[in-house]
Number of protein chains: 2
Amino acid sequence: MNIGEAAKAAGLPVKTIRYYEEIGLVRPARSENGYRVFAESDLHKLNFLGRSRALGFSIEDCRALLALYEDGTRSSSEVREIAERHLTDIEGKITDLQSLRDTLAHLVASCAGDERPDCPILDNLSGD
Amino acid sequence: MNIGEAAKAAGLPVKTIRYYEEIGLVRPARSENGYRVFAESDLHKLNFLGRSRALGFSIEDCRALLALYEDGTRSSSEVREIAERHLTDIEGKITDLQSLRDTLAHLVASCAGDERPDCPILDNLSGD
DNA sequence: CTTGACCCTCCAGTGACTGGAGGCTTTATG
DNA sequence: CATAAAGCCTCCAGTCACTGGAGGGTCAAG
């Protein structure tokens with residue numbers, strides 16, 4: 001299976017797959033003409049990577065998760081640790097964004113948004 | 001005022017201020033020895049930028065906001081538009097992250113996290 | 001006079017791709 | 001059978017907003 005077909009099957013852009021090979025996440029074989037050849041196991045990995053990235057795991061987390069996936073002797077605690085760290089990270093980001101949102105919402109609400117120059121948003125940004 | 005002092009006053013790293021000059025957000029004078037010299041108005045701009053960035057505005061948004069701030073004939077609607085777009089953007093990000101968080105939380109909760117290899121997290125990532 | 005704290009410029013790296021140039025190979029069509 | 005389109009290849013540059021470091025000049029204190 002060539003890269004284009006693999007891309008469709010995995011739901012990833014061709015460029016992304018080449019990139020994943022470059023950083024050693026997948027190692028497809030090569031045919032005589034130099035084209036990458038993807039086996040079922042490669043496809044499986046690409047799907048795994050796509051799902052992990054969609055859950056927001058970093059590339060390095062994905063690399064670790066993939067290694068654990070392929071290691072039959074792993075302990076589930078190692079996986080859970082990575083996921084927990086990521087979860088904590090996301091929760092922190094949510095909190096930060098919510099606080100930003102509240103501030104911004106107040107500012108937007110306080111601004112007339114008409115043709116006059118008076119603007120509480122700018123007042124706030126300039127230090128009141 | 002030299003860049004170090006300006007950095008302290010504005011609460012920004014020296015490197016960041018140099019970067020802001022490079023991209024034309026501030027234009028401090030120069031003394032004979034080549035050192036940047038920051039006037040009160042420059043400091044004011046740096047503070048404005050720091051606050052805008054802290055609210056998550058992109059550099060280009062900051063540039064636009066700064067221009068509006070310095071334009072006495074602006075209409076507050078222009079400012080409000082930028083802020084509203086940013087607010088919408090943030091709300092979208094919050095929604096996305098919340099959905100990620102929910103999925104991850106479920107996965108983490110379902111994983112024993114012990115020494116055994118069985119792991120619903122990996123099962124999910126590998127496509128069930 | 002020297003030490004240390006500043007300051008300068010320029011270059012490279014971050015994360016995770018994405019776009020494009022320039023050039024093969026394969027497949028479909030006239 | 002020629003050609004054109006599609007698909008593949010590599011390599012380089014750009015994204016965003018900085019950040020780190022090399023290599024070197026300037027200044028105030030002891």
Side-chain angles (χ1 to χ4, degrees), chain A residues 1-39 42 45-46 48-66 82 85-86 89-90 93 96-97 100, chain B residues 1-39 42 45-46 48-66 82 85-86 89-90 93 96-97 100:
Chain A
M1 184 186 287
N2 283 349
I3 198 172
E5 214 179 332
K8 252 174 228 154
L12 290 173
V14 166
K15 280 256 172 186
T16 298
I17 296 178
R18 289 206 191 98
Y19 173 68
Y20 286 173
E21 185 195 31
E22 194 189 321
I23 63 175
L25 286 179
V26 275
R27 302 183 194 283
R30 296 283 179 139
S31 67
E32 279 184 12
N33 60 15
Y35 286 17
R36 290 169 183 82
V37 181
F38 292 81
D42 295 315
K45 276 197 203 182
L46 289 176
F48 186 99
L49 290 169
R51 266 185 289 265
S52 308
R53 293 286 302 132
L55 282 178
F57 286 105
S58 72
I59 287 284
E60 287 318 307
D61 277 352
C62 290
R63 194 191 299 280
L65 289 170
L66 201 49
I82 294 175
R85 247 188 294 111
H86 183 44
D89 198 56
I90 285 175
K93 279 186 187 151
D96 290 353
L97 284 177
L100 277 193
Chain B
M1 183 186 287
N2 282 349
I3 198 170
E5 212 179 331
K8 251 173 231 155
L12 291 172
V14 166
K15 280 258 174 185
T16 298
I17 297 178
R18 288 205 191 99
Y19 172 68
Y20 285 173
E21 185 195 31
E22 194 189 321
I23 62 174
L25 286 180
V26 274
R27 303 183 193 282
R30 295 283 178 139
S31 67
E32 278 185 11
N33 60 14
Y35 286 17
R36 290 169 183 82
V37 180
F38 292 81
D42 295 314
K45 276 195 202 182
L46 289 176
F48 186 100
L49 289 169
R51 266 185 288 265
S52 309
R53 292 287 301 134
L55 281 179
F57 286 104
S58 73
I59 288 285
E60 288 317 308
D61 276 352
C62 290
R63 193 192 300 280
L65 289 170
L66 201 49
I82 294 175
R85 246 189 293 112
H86 183 42
D89 198 55
I90 285 176
K93 279 185 185 150
D96 291 352
L97 285 177
L100 278 193

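What you see is a predicted model, and the numbers here were worked out from it, not measured in a lab. First the proteins, then the strands, lettered A, B, ... as listed; each starts at 1.
By the 4.0 Å N-to-carboxylate-O rule, B/Glu60 lies close enough to B/Arg63 to be salt-bridged with it. With salt bridges taken as basic N to acidic carboxylate O contacts below 4.0 Å, none links A/Arg18 and A/Glu21. In summary, A/Asp89 and A/Lys93 engage in a salt bridge, as defined by a charged side-chain N under 4.0 Å from a carboxylate O.
Checking D/dC8, C/dA16, D/dT19 against the side-chain heavy atoms of A/Asn2 singles out D/dC8 as nearest.
In this structure, A/Arg85 and A/Asp61 have side chains that are in contact, with non-hydrogen atoms separated by less than 4.5 Å.
Among the protein residues, B/Ile23 comes within range of no part of the nucleic acid, since none of its heavy atoms lies under 4.0 Å from any strand. Within 4.0 Å (heavy atoms only), A/Phe57 reaches no atom of the nucleic acid at all.
Atom P of nucleotide D/dA17 and atom CG of B/Leu12 are separated by 14 Å, given to the nearest angstrom. One atom, CZ of A/Arg18, and another, C1' of C/dC17, lie 13 Å apart when rounded to the nearest Å. Regarding B/Leu25, its CG atom lies at a distance of 10 Å from the P atom of D/dA17, rounded to whole Å. Remark: C1' of D/dT19 and CD of B/Glu22 are 13 Å apart, rounded to the nearest angstrom. Rounded to whole angstrom, the span from the CG atom of A/Leu49 across to the P atom of C/dA16 amounts to 12 Å. Rounding to whole angstrom units, OH of residue B/Tyr19 and C1' of D/dT19 are separated by 11 Å. If you measure from atom CD1 of B/Ile3 to atom C1' of D/dC27, you get 17 Å, rounded to the nearest angstrom. For B/Arg30 and C/dC7, the CZ to P distance is 12 Å, given to the nearest whole Å.
At a cut-off of 3.5 angstrom, the base of D/dG25 holds at least one donor-acceptor pair with the side chain of B/Tyr35.
At least one side-chain nitrogen or oxygen of B/Arg36 sits closer than 4.0 Å to the OP1 or OP2 atom of C/dC8. Within the structure, every side-chain polar atom (N or O) of B/Thr16 is placed at least 4.0 Å from both OP1 and OP2 of D/dA17.
Taking each heavy atom of B/Tyr20 and B/Leu46 in turn, the nearest pair found is CD1-CD2, 4.4 Å.
Comparing B/Asn33 and B/Arg53 along DNA chain D, the residue whose closest nucleotide (by nearest heavy atom) sits nearer the 5' end is B/Arg53.
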